[in-house]
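Single-structure report; data block below.
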2 protein chains.
Amino acid sequence: MATHNRGPSSETLASRLRALAHPARLKILAALAASDTCHCGEIVQNLPLAQSTVSEHLRILRAAGLVRGETAGARSCYCLDRAAVRKLAADFDRLLAAIGRHESAGGKARRA
Amino acid sequence: MATHNRGPSSETLASRLRALAHPARLKILAALAASDTCHCGEIVQNLPLAQSTVSEHLRILRAAGLVRGETAGARSCYCLDRAAVRKLAADFDRLLAAIGRHESAGGKARRA
DNA sequence: TGGCTTGATCGGCAATCGACGATAGCCGAT
DNA sequence: ATCGGCTATCGTCGATTGCCGATCAAGCCA
């Protein structure tokens, strides 16, 4: 049994999905996943975006909790929060499983 | 090499996620999943939004392919495309699994 | 037929987003 | 101390989004 409630609210889940729903941010996540070297300049070089834009995307990902940035002065080190990514995947999967199931399972009418 | 692509491009996946990344649209999807009666007025009654706003959200969901609307004149019938939902869930899960895994095992797709 | 109900579309408005350049702060190297 | 590289933040601009009321098109029923 799930010891907690079913899932986050629509607002919470939607805001986390919003953080993902941008091609540049998906690419940034993929870059962070590929190499743990994680500083910003490397990402800027691999994307056709200005440095300030990439920094802004990193801020959004950090605010969503998907990325942790240790700003060690000049060279900040960004690390993917893999646990948070997995948790988001689980929440999302739970929602879509409930939606995608052929029958709306049981009478647990979920009022939103 | 042919496009042995594992998943859709960042743009494609991001645009589909964008369709989901709104609390009202998540609620609409849940309402469609709960009851297959699927006409618009019922959804409007369960949301604090104007009818035109709900219609707009339905249009976005339809454009994303998650909902099919058979506009049979006056009373249109909206149905959840459960196969599309499952496909999106699979694509998303594949992406997040690749990101959330501790080691990026394959690692050959380094786009510059 | 006329009127009613239902939903899609239009036009407008405010808010937010996404991008950029410019600037400021921090650190190591010279 | 000064220089130069790196990054975060600020301000701004155009584009998009979200919401609404109003209006229009299409069926249904008396």
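Residue numbers start from 1 in every chain, and the chains themselves are labelled A, B, ... in the order their sequence lines are given, proteins ahead of strands.
Put simply, A:H22 has a side-chain N or O that comes within less than 4.0 Å of OP1 or OP2 on C:dA19. For the pair A:R18 and C:dC17, the criterion of a side-chain N or O lying under 4.0 Å from OP1 or OP2 is met. OP1 or OP2 of C:dT6 has not a single side-chain nitrogen or oxygen of B:Y78 nearer than 4.0 Å. When the side-chain nitrogen and oxygen atoms of B:R59 are compared with OP1 and OP2 of C:dG7, none of them lie within a distance under 4.0 Å.
Only one option out of B:E70, B:R62, B:R68, B:E42 pairs with B:Y78 in a side-chain hydrogen bond (donor to acceptor under 3.5 Å, both in side chains); it is B:R62. Residue A:I28 forms a side-chain contact (heavy atoms from CB on, under 4.5 Å) with just one option from A:V54, A:L66, A:N46, and that option is A:V54.
We find that CD1 of A:I60 is positioned 14 Å from P of C:dT16, with the value rounded to whole Å. Remark: P of D:dT7 and CG of A:L58 are 10 Å apart, rounded to the nearest angstrom. Computed from coordinates, the A:L47 CG to C:dC20 P distance equals 11 Å when rounded to whole Å. Atom C1' of nucleotide C:dG18 and atom NE2 of A:H57 are separated by 6 Å, given to the nearest angstrom. Here C:dG18 presents its P atom at 12 Å from CG of A:L26, a figure rounded to the nearest Å. Between the P atom of C:dA19 and the CD1 atom of A:I28 lies a distance of 9 Å, rounded to the nearest Å. Rounded to whole Å, atom P of D:dT9 lies 9 Å from atom CD of A:E56.
Of all the heavy atoms in B:P8 and B:R16, the pair that sits closest is CG-NH2, 3.6 Å.
Residues satisfying the side chain to side chain donor-acceptor pair (under 3.5 Å) criterion with A:T12, sequence neighbours excluded, are A:S9.
Within 3.5 Å, a donor on the side chain of B:S52 pairs with an acceptor on the base of D:dG21, or the reverse.
Across all strands shown, A:L49 has heavy atoms under 4.0 Å from sugar-phosphate atoms exclusively, and none from any base.
The residues A:R18 and A:E11 are annotated as not salt-bridged, no charged nitrogen and carboxylate oxygen being separated by less than 4.0 angstrom.
Comparing atom distances between the A:Q51 side chain and each of D:dT17, D:dG18, D:dA8 picks out D:dA8 as nearest. Side-chain proximity of A:S55 to D:dT7, C:dA8, D:dA8: nearest is D:dA8. Among the nucleotides C:dA19, D:dT9, D:dT7, the one closest to the side chain of A:H39 is D:dT7. Proximity note for B:T53 (side chain, C-beta onward) versus D:dA8, C:dC20, D:dC19: the nearest is D:dC19. Nearest to the side chain of A:A50, among C:dC20, D:dA8, D:dG21, sits C:dC20.
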